[in-house]
Amino acid sequence: MPDFFVLMWKPLLAAVILTGIHAYLGYHVIERKVVFVDLSLAQIAALGASAAFLIGYELHSVPSYLLSLLATFLGAVIFAATRTRYERIPQEAVIGIVYAVSSALAIMVLSRSPEGDEHIRHMLTGNILLVTSQELLWMCAIYGLVGLFHWKYRRIFFAISSAPGKTFAAGMSVRFWDLMFYLSFGLVVTSSVEIAGVLLVFSFLIVPSVVAMLFSNGRSARLWIGWAAGIAASVAGIAASYAFDFPTGPSIVCAFGLLFLFAGLWRWKFL
Amino acid sequence: MKKNIFWPCLMLAFLLNLPAAHAAEKIRIVATMGTLGAFSKQIVGADADIHVVAKPGRDIHFVQPTPKDVLKVKKADVFVHGGLDLEVWRAPLLNAAGNARFFTQNGAAIDASQGIALLEVPVDPSRLQGDIHVFGNPHYWTDPVNAKQMVKNLSTGFVRLYPERSAEFERNTAQLLEQLDAAIERWTRELAPYQGTAFVSYHKSWPYFAKRFGFDIVGYIEPKPGIPPTGRHLKELAELMKERQARFVVKETYQERRAAEKVARDADVPLITLMQFAGEDKISGYVEMMDENIRRVIEAIEKSSNGRD
């Protein structure tokens with residue numbers, strides 16, 4: 001037992017922190033029907049890092065980080081701009097296009113650089129097992145700031161996610177707040193993908209909110225259920241990873257999958 | 001929900017781990033790859049409790065350590081690695097394990113690359129012109145003479161850490177070096193008729209091997225690791241293969257077959273898989289592994305039609 005905690009306290013803590021911010025952002029993502037937006041933004045961030053690499057900056061250096069952040073912000077602008085009041089093209093399609101094009105661009109950029117794409121791939125796979133104390137602190141700082149920002153303007157954020165029609169009608173600047181949403185979202189996703197990888201971040205984002213939706217319609221109930229479910233699945237996944245010596249990230253993702261399955265069965269059988 | 005999965009898993013975690021904690025009196029060694037594990041075993045002998053991180057047949061540069069790897073490093077007495085930037089995951093793994101023995105200078109980590117003359121050392125360290133490896137090509141043990149140097153490095157390391165057992169280690173080392181010398185003589189003899197033979201390889205894993213035995217590497221299938229070869233690159237490669245009469249194509253277990261197969265088929269030469277990590281194909285020792293590699297190389301050259309009039 002002590003071994004388990006000595007070895008796994010950092011991944012456990014990281015998973016709890018990640019659940020905190022992502023289960024919340026997941027609520028918005030589900031409401032907005034843009035489930036794949038994080039994959040798209042992560043890929044844009046990777047494109048930024050590839051470009052930095054081509055110019056000659058190491059991965060994980062400050063200029064590389066800034067450039068990938070800048071790229072993410074460009075993505076945020078695209079997503080905010082393409083969400084129109086009367087939807088002509090589904091936003092999901094725009095997200096898909098951005099994903100495909102930025103992935104392809106990254107490969108093209110890297111084909112001109114002296115090294116291959118392993119490092120970029122590495123950036124998108126992350127390894128939560130090897131998370132460092134500095135990364136934990138960094139996550140706390142960034143996610144804390146984003147969380148505070150969202151808490152301060154929670155009314156607006158919830159309004160534009162759930163009922164954009166009404167807010168358009170009320171004369172609020174939906175575009176502006178959409179941009180704010182995607183900027184803060186991009187900031188979170190860029191950091192978390194580097195630590196935990198796209199698969200895991202996607203699960204943290206989507207599964208808790210979806211599970212919560214099965215049981216409740218209320219906003220705060222959904223958030224609380226999401227957090228509880230996210231933490232439970234993370235702990236189970238990390239314990240299983242330790243017990244059976246599976247790679248930690250994928251093990252958590254599968255725990256999330258099981259959680260969803262059982263929650264669905266529960267809902268079907270008992271409610 | 002929470003209870004359903006969480007507690008049984010945690011109990012299991014508990015149960016599975018208990019026996020591992022009581023390995024008595026053995027020297028607990030973590031080696032990053034099979035080749036190092038095999039050498040360490042031969043030097044230290046029966047008392048070595050060896051854990052190899054990179055399973056054989058995997059790309060050594062990109063391994064995803066598991067909790068067991070972290071735990072093994074945490075409890076290890078000695079950590080043996082290939083040095084340079086061979087293991088991209090080495091620093092994060094050591095960091096996560098937090099075993100203080102491996103952080104200090106002259107600590108219990110042994111770098112097997114000491115004193116090896118490296119190939120492909122970039123002239124311009126900015127990486128812009130360069131190559132994936134800032135220090136030079138890290139696949140140095142594909143030259144068996146370098147493997148001898150590795151053995152010496154390991155031996156020096158083990159003797160430094162366990163001076164009371166130096167006689168035993170040195171005896172084992174001398175035996176191992178003798179084996180290697182005999183093998184090198186045999187390989188040199190076997191390969192002598194094929195001096196100057198050209199081949200193509202997938203990744204830059206074989207320059208040391210080629211240099212030692214007088215082979216000529218015409219080119220690489222992956223222009224850069226992970227980037228799919230472009231049409232032009234393949235065309236140039238095909239022309240080079242014809243011009244310089246490349247006789248076979250080399251890939252490794254973990255590299256995808258398709259591109260390599262196409263290159264080999266177009267040039268009408270055999271495609272062979274060579275091993276650089278002991279433990280692949282159930283071959284546990286370095287000498288046995290190289291024996292098998294050399295057998296495959298000779299067989300391929302004999303079968304190859306390219307360059308024969």
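Below, chains carry the letters A, B, ... as their sequence lines are ordered, and counting in each starts from 1. The figures that follow rest on heavy atoms only: side chains count, while hydrogens, waters and symmetry mates do not. Keep in mind it's a predicted model, so treat the numbers as computed, not measured.
Here B:Pro67 is the residue among B:Pro67, B:Ala97, B:Pro92, B:Ala96 with the most heavy-atom pairs under 4.5 Å with chain A.
Summarising the local packing, NZ of B:Lys55 is surrounded by more than 12 heavy atoms from other residues, nucleotides or ligands at distances under 6.0 Å. Within a 6.0 Å radius of CZ in A:Phe246, other residues, nucleotides and ligands contribute 12 heavy atoms or fewer. Counting heavy-atom neighbours within 6.0 Å of A:Tyr65 OH, excluding the residue itself, gives a total above 12. For B:Lys262, the NZ atom counts as loosely surrounded, since its 6.0 Å shell holds 12 or fewer non-hydrogen atoms of other residues, nucleotides or ligands.
Within the 4.5 Å cutoff, the side chain of A:Leu129 has no heavy atoms near those of the B:Asp69 side chain.
Interatomic distance, A:Thr248 OG1 to B:Gln64 CD, rounded to the nearest 0.5 Å: 9.0 Å.
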*Given side-chain hydrogen bond (donor to acceptor under 3.5 Å, both in side chains), test B:Asn95 with A:Thr132 step by step and report yes or no.*
CA-CA 7 Å; B:Asn95 210 330; A:Thr132 63; 5.8 Å; no
_side-chain contact (heavy atoms from CB on, under 4.5 Å) evaluation trace for A:Asn127 with B:Trp89_ = CA-CA 10 Å; A:Asn127 193 342; B:Trp89 39 273; over 6 Å; no
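For chain A, the nearby parts of B:Lys68 are the backbone and the side chain; heavy atoms of each come within less than 4.5 Å. With a 4.5 angstrom heavy-atom cutoff, A:Ser241 touches chain B via backbone and side-chain atoms both.
With sequence neighbours excluded, no residue satisfies side-chain hydrogen bond (donor to acceptor under 3.5 Å, both in side chains) with B:Arg101. Partners of B:Thr32 according to the side-chain hydrogen bond (donor to acceptor under 3.5 Å, both in side chains) rule, which considers only residues two or more places apart in sequence or in another chain, are B:Glu87.
Looking at every heavy atom in both residues, A:Leu7 comes nearest to B:Val70 through CD1-CG1, 3.2 Å.
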